[in-house]
Amino acid sequence: MKYLGKKTALLLALFCTLAHIRAQIVPFPYDIQKEATGDSAMVVTAHPLATKVGLDVLRKGGNAVDAAVAVQFALAVVYPQAGNIGGGGFLIYHGKDDQTAALDYREKAPAAATEKMYLDSAGNVLPNKSRLGVLACGVPGTVDGMWEAHKKYGRRPWGELVTPAIELAIRGYQITEQEAQNLNEERFTFIRHSSIQPAFVKLENWVAGDWLIQKELAVTLSRIAGYGRDDFYKGATASLIVNEMSKTGGLITREDLRRYKSVWRTPLEFDYKNLHIITMPPPSSGGILLRQLLAMTGDHPLKDSGFHSTAAVHLMVEAERRAYADRAMHMGDPDFWKVPVKKLTDMAYLKSRMADFQPNKATPSAKVTAGQIKESEETTHFSIIDPEGNAVSVTTTLNDSYGSRVVVSGAGFILNNEMDDFSAKPGAPNLYGAIGGKANAVAPDKRPLSSMTPVIATKGGKTWLVVGTPGGTTIPTSVFQVIVNVAEFGMSLPEAVQAKRFHHQWTPDKIFIEEGALTEAVIQQLIEMGHFVEPRDPIGRVEAILRLADGIWQGVADERGDDAAGGF
Ligand code: DON
């Protein structure tokens with residue numbers, strides 16, 4: 001047994017927690033490292049405290065999966081807008097022996113979900129219904145996912161890996177400026193959608209440096225430390241989730257929780273020039289999209305055109321337009337819909353998709369009703385390398401910022417609003433402006449289509465790049481740009497990650513650009529070619545690790561947030 005046993009363990013976890021309280025304090029304001037190097041190990045996450053937790057596990061002899069488990073639980077405490085135990089995610093593994101694995105711990109629709117559950121009687125979409133409150137929640141997969149990953153690869157005891165999160169929850173931690181701002185913005189949505197006043201709500205405004213203490217979450221995590229995944233899916237935490245549902249008309253039942261299982265899937269693997277890419281298959285669209293984008297642009301002399309030149313942006317956008325059209329039509333949960341992965345990733349097919357590409361003219365997207373891309377970044381990615389050379393790439397989410405804003409009373413954690421990733425109605429845009437049809441319609445027990453794209457790229461069988469990001473539908477195009485920036489434009493990893501980004505997703509027919517991404521001259525030329533260009537807020541928060549020529553690991557955390565890298 002790798003996990004602690006029963007009640008003694010629970011008491012032990014609490015005891016350890018209290019005993020370590022003072023030792024773990026990290027001075028505030030945090031010393032956030034955006035770049036780090038290490039000849040042995042590297043951790044890059046969305047929060048400096050989570051990065052520290054991962055490094056501590058690796059220093060104690062834990063491997064990359066142990067560190068990933070500890071980081072996932074730590075992020076559930078210190079990064080509540082996306083770190084979670086009430087959501088789901090995907091994990092990509094590449095072992096030092098070149099073994100690969102892909103774990104799908106995506107949320108599932110409850111058994112009582114129906115295809116038209118987000119429509120009114122006239123058949124119109126009720127967008128808030130899939131985004132806020134209990135009806136937005138899928139059955140969470142994170143705790144089972146961590147349990148499965150640990151069962152297969154973990155080395156350190158389970159309880160030990162959950163303990164740092166318990167400590168952070170019970171002792172509290174000081175919030176950053178960005179976190180204070182986010183919590184202030186969400187005060188009323190939390191009050192409205194939770195049946196109790198959660199720890200995230202305070203009468204006065206939160207300010208940087210305030211302590212966020214999450215006692216209920218600490219108790220939940222202690223139970224998970226002691227009893228493992230069964231607490232969440234069959235035990236006391238399951239009861240609290242079902243209780244929350246019954247108070248407010250939610251659909252998740254005890255049976256839904258009991259039946260939840262994460263799934264080991266065959267990773268999507270393909271070659272791109274001298275790289276071998278290992279990434280997520282459906283129910284993510286991300287891996288297929290990345291393959292399509294790299295294949296559709298790979299033959300063209302991107303490097304000669306130049307970084308963010310009109311020709312390079314035009315080519316990349318035209319590939320994105322075509323790839324996202326495929327996403328809307330063909331992709332969904334493979335357990336429910338036959339996703340034609342082979343065809344969609346076939347080189348001949350992809351060449352044919354670009355047959356009508358015109359180097360000087362935009363191809364207008366098909367006329368399909370579509371909405372705006374919402375401007376928030378509330379998934380999170382972390383990348384880890386352990387001293388033995390095993391690598392883990394994890395993207396995990398509640399979907400929107402703070403998910404459904406439902407905090408399970410008595411359990412202290414936020415439930416996801418992943419149901420919005422389904423297509424509520426053919427052609428109706430979701431939160432990210434993504435449209436879909438039958439392939440991604442709501443159905444009982446089905447997983448909503450995702451864009452999350454955790455990637456490990458290898459060279460000669462050895463890990464070369466670990467990368468991923470949040471950003472909804474912008475995830476695949478952000479990962480695409482980081483890979484192209486390094487592999488084609490010859491940028492250093494810090495340059496590649498911090499470079500401004502752009503995004504096109506077929507519908508709406510617009511190139512979204514971060515401020516300053518493109519020069520006025522390039523924007524003008526793109527408009528003359530028939531493109532529509534629209535500025536938007538920052539795109540993505542990339543966490544990446546690269547093996548440098550001398551074998552040293554370089555970690556880079558995105559400057560767009562509080563993200564932090566650390567290595568040794
Ligand atoms: O699975 C997906 O594709 C989305 N639920 C991810 C959400 C996300 O990245 C939020 N950040 N903007």
Side-chain angles (χ1 to χ4, degrees), residues 46 75 79-84 86-92 102-109 130-132 136-138 140-142 145 178 182 186 279-290 323-324 327-328 331-333 372-382 393-405 414-424 429-436 440 442 446-455 467-479 501 503 505 512 514 536-543 558 560-561 563:
L75 284 169
Y79 194 61
Q81 66 260 49
N84 67 81
F90 300 133
L91 178 150
I92 296 291
L103 179 62
D104 165 0
Y105 56 99
R106 181 79 165 157
E107 301 89 330
K108 291 177 79 167
S130 62
R131 294 177 195 170
L132 294 166
C137 311
T142 296
Q178 217 177 56
N182 292 339
E186 294 299 335
T279 185
M280 200 62 208
S284 182
S285 61
I288 296 177
L289 290 174
L290 183 62
Y324 279 79
R327 180 192 196 278
M331 300 184 211
D333 181 349
Q372 292 298 312
I373 293 184
K374 179 147 181 278
E375 299 174 354
S376 73
E377 305 302 335
E378 307 315 347
T379 295
T380 190
H381 181 85
F382 53 94
S393 185
V394 171
T395 315
T396 179
T397 189
L398 290 166
N399 191 24
D400 196 9
S401 185
Y402 306 100
S404 62
R405 279 65 154 196
I414 303 171
L415 286 167
N416 67 84
N417 62 349
E418 220 68 61
M419 294 294 282
D420 190 66
D421 272 350
F422 280 117
S423 173
N430 73 0
L431 200 52
Y432 306 101
I435 59 165
N440 190 31
V442 187
K446 191 175 174 183
R447 287 169 156 91
L449 182 64
S450 174
S451 301
M452 294 189 288
T453 317
V455 165
V467 63
T469 181
T473 44
T474 67
I475 294 173
T477 60
S478 293
V479 171
R501 295 188 264 270
H503 171 76
Q505 60 177 47
F512 292 96
E514 286 186 300
R536 58 156 282 177
D537 283 1
I539 299 177
R541 283 173 62 168
V542 171
E543 324 291 2
D558 205 308
R560 293 164 179 81
D563 318 51

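Being a predicted model, the structure only gives us computed values, none of them experimental. As a basis for the values below, the full set of heavy atoms in this structure was taken, side chains included, without hydrogen atoms, waters or symmetry mates. Both counts, for ligands and for their atoms, begin at 1 and track the order of listing.
Taken to the nearest 0.5 Å, the CD1 atom of I539 stands 11.0 Å off from the CG atom of D558. Taking CE from M452 and OG1 from T279, the interatomic distance works out to 11.0 Å, rounded to the nearest 0.5 Å.
Contact annotation: for D421 versus ligand 1, heavy atoms closer than 4.0 Å belong to the side chain alone. Contact annotation: for R106 versus ligand 1, heavy atoms closer than 4.0 Å belong to the side chain alone. Of the heavy atoms in D400, none comes closer than 4.0 Å to ligand 1.
At under 3.5 Å, a nitrogen or oxygen of G472, whether backbone or side chain, sits near a nitrogen or oxygen of ligand 1. Taking only nitrogen or oxygen atoms, main chain and side chain alike, T397 does not reach within less than 3.5 Å of ligand 1.
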Show the numbers, then the answer: is there a side chain to side chain contact (heavy atoms under 4.5 Å, CB included) between T453 and V455?
-> CA-CA 6 Å; T453 317; V455 165; 3.9 Å; yes
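Every atom of ligand 1 with a heavy atom of I475 under 4.0 Å away is listed here by number and element: 9 (O). Less than 4.0 angstrom separates some heavy atom of P470 from each of these atoms of ligand 1: 9 (O).
Look at D104 and R106 and you find no salt bridge, because none of the NZ, NE, NH1 or NH2 atoms lies under 4.0 Å from a carboxylate O.
Of the residues listed (N399, N417, D420), the one engaging S130 in a side chain to side chain donor-acceptor pair (under 3.5 Å) is D420, and it is the only one.
Looking at H381 and T469, their side chains never bring a donor and an acceptor atom within 3.5 Å of each other.
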